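Heads up, the thing below is written out as structure tokens.
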Amino acid sequence: MSDRVIRITAQESALVDTSAVVGLQQSLGTLRCQEMVEDAIYQITERLSKLERAERDQDYETASQIAHVLVELTNRIGLPRMSVVATDLADVLRLGDTIAISAICARLIRLGEDSLFTLVRLGGDGV
């Protein structure tokens with residue numbers, strides 16, 4: 001019996017709360033909003049990379065710290081779905097469920113990539 005790899009191609013909508021981004025733009029101004037969003041994109045990208053490494057190394061303490069920071073960052077710039085998944089990750093890390101940790105990490109990274117690309121495209125349209 002050979003092990004087969006089955007690729008699951010679930011489509012997850014990368015939701016950006018545009019009202020949050022517009023609110024930032026109105027309160028901070030366009031230039032400052034762009035700077036804040038660009039900084040958040042950089043920080044989220046960096047943390048997703050570190051999260052992937054921490055999960056691979058089973059460094060769950062670091063992964064938990066990263067998950068909590070991601071919740072805050074994603075809430076700040078209007079990525080509510082990422083925030084929910086990061087919260088889910090923090091919860092399973094607290095429980096120590098290694099199978100769920102791997103699955104939710106993979107989901108968060110996938111969703112993060114899609115969400116950040118959507119946010120970048122939105123930025124190109126005037127944010």
Side-chain angles (χ1 to χ4, degrees):
M1 180 171 134
S2 67
D3 291 330
R4 289 185 12 208
V5 175
I6 300 171
R7 184 166 173 85
I8 300 172
T9 56
Q11 293 292 334
E12 296 185 79
S13 62
L15 297 177
V16 174
D17 180 0
T18 54
S19 65
V21 177
V22 170
L24 282 173
Q25 187 175 17
Q26 290 173 343
S27 66
L28 300 174
T30 301
L31 183 59
R32 181 64 188 120
C33 177
Q34 285 177 329
E35 291 170 352
M36 184 178 173
V37 169
E38 288 170 5
D39 182 58
I41 289 171
Y42 172 78
Q43 288 185 43
I44 291 169
T45 302
E46 181 180 42
R47 283 182 175 75
L48 287 173
S49 175
K50 288 179 180 182
L51 176 65
E52 192 171 27
R53 190 173 327 119
E55 190 274 327
R56 183 181 57 241
D57 295 342
Q58 295 183 344
D59 180 358
Y60 298 136
E61 183 176 330
T62 298
S64 180
Q65 293 168 355
I66 292 168
H68 288 287
V69 171
L70 284 172
V71 170
E72 180 184 326
L73 284 171
T74 54
N75 274 327
R76 187 180 325 151
I77 62 166
L79 300 173
R81 183 166 223 156
M82 270 191 77
S83 179
V84 168
V85 176
T87 300
D88 290 345
L89 178 59
D91 291 344
V92 297
L93 281 161
R94 192 171 26 260
L95 296 173
D97 184 339
T98 57
I99 304 243
I101 290 168
S102 294
I104 294 174
C105 275
R107 181 175 178 218
L108 183 58
I109 290 164
R110 231 179 16 253
L111 183 59
E113 291 170 353
D114 291 344
S115 297
L116 294 177
F117 282 127
T118 300
L119 194 57
V120 167
R121 281 192 303 273
L122 180 65
D125 292 337
V127 170

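Note that the coordinates shown come from a computational prediction; the quantities given were computed from them, not determined experimentally.
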### Query
Is it true that Glu72 and Arg76 have a side-chain N and a carboxylate O under 4.0 angstrom from each other?
yes
### Task
State plainly whether one hydrophobic cluster holds both Val16 and Val120, where clusters connect Ile, Leu, Val, Met, Phe, Trp and Tyr through side-chain heavy atoms under 4.5 angstrom apart.
yes
### Query
Do you reckon Leu93 sits in the same ILVMFWY cluster as Ile109, going by side-chain contacts under 4.5 Å, direct or chained?
yes
Shortest non-hydrogen contact between [X] and [Y], atoms and distance:
X      : Y      : value
Gln43  : Leu73  : OE1-CD2, 3.6 Å
Ala63  : Ala54  : N-CB, 4.0 Å
Leu48  : Gly112 : CD1-CA, 3.9 Å
Cys33  : Val21  : SG-O, 3.9 Å
Ala86  : Leu70  : CB-CB, 4.1 Å
Ile101 : Gly96  : CD1-C, 4.2 Å

Is there side-chain contact between [X] and [Y], with heavy atoms separated by less than 4.5 Å?
X      : Y     : result
Val71  : His68 : no
Leu79  : Asp17 : no
Asp57  : Thr62 : no
Ser102 : Glu55 : yes
Asp88  : Val84 : yes

### Query
Given Ile44, which of Leu119, Asp39, Ile77 fulfils the side chain to side chain contact (heavy atoms under 4.5 Å, CB included) condition?
Ile77
### Query
Under 3.5 Å, is there a donor-acceptor pair between the side chain of Ser64 and the main chain of Tyr60?
no
#### Entry: Thr118 side-chain N/O to Asp114 backbone N/O, donor-acceptor pair under 3.5 Å
yes
Atom pair [atom1] ([X]) and [atom2] ([Y]), whose distance is rounded to the nearest 0.5 Å:
X     : Y     : atom1 : atom2 : answer
Lys50 : Thr45 : NZ    : OG1   : 12.0 Å
Asp97 : Asp91 : CG    : CG    : 11.5 Å
Leu24 : Arg32 : CG    : CZ    : 9.5 Å
Leu89 : Arg94 : CG    : CZ    : 10.5 Å
Glu61 : Gln65 : CD    : CD    : 5.5 Å
Glu46 : Leu51 : CD    : CG    : 12.5 Å

### Task
Count the heavy atoms of every other residue, nucleotide or ligand shown that sit under 6.0 Å from CD1 of Ile99, and state whether that count exceeds 12.
no
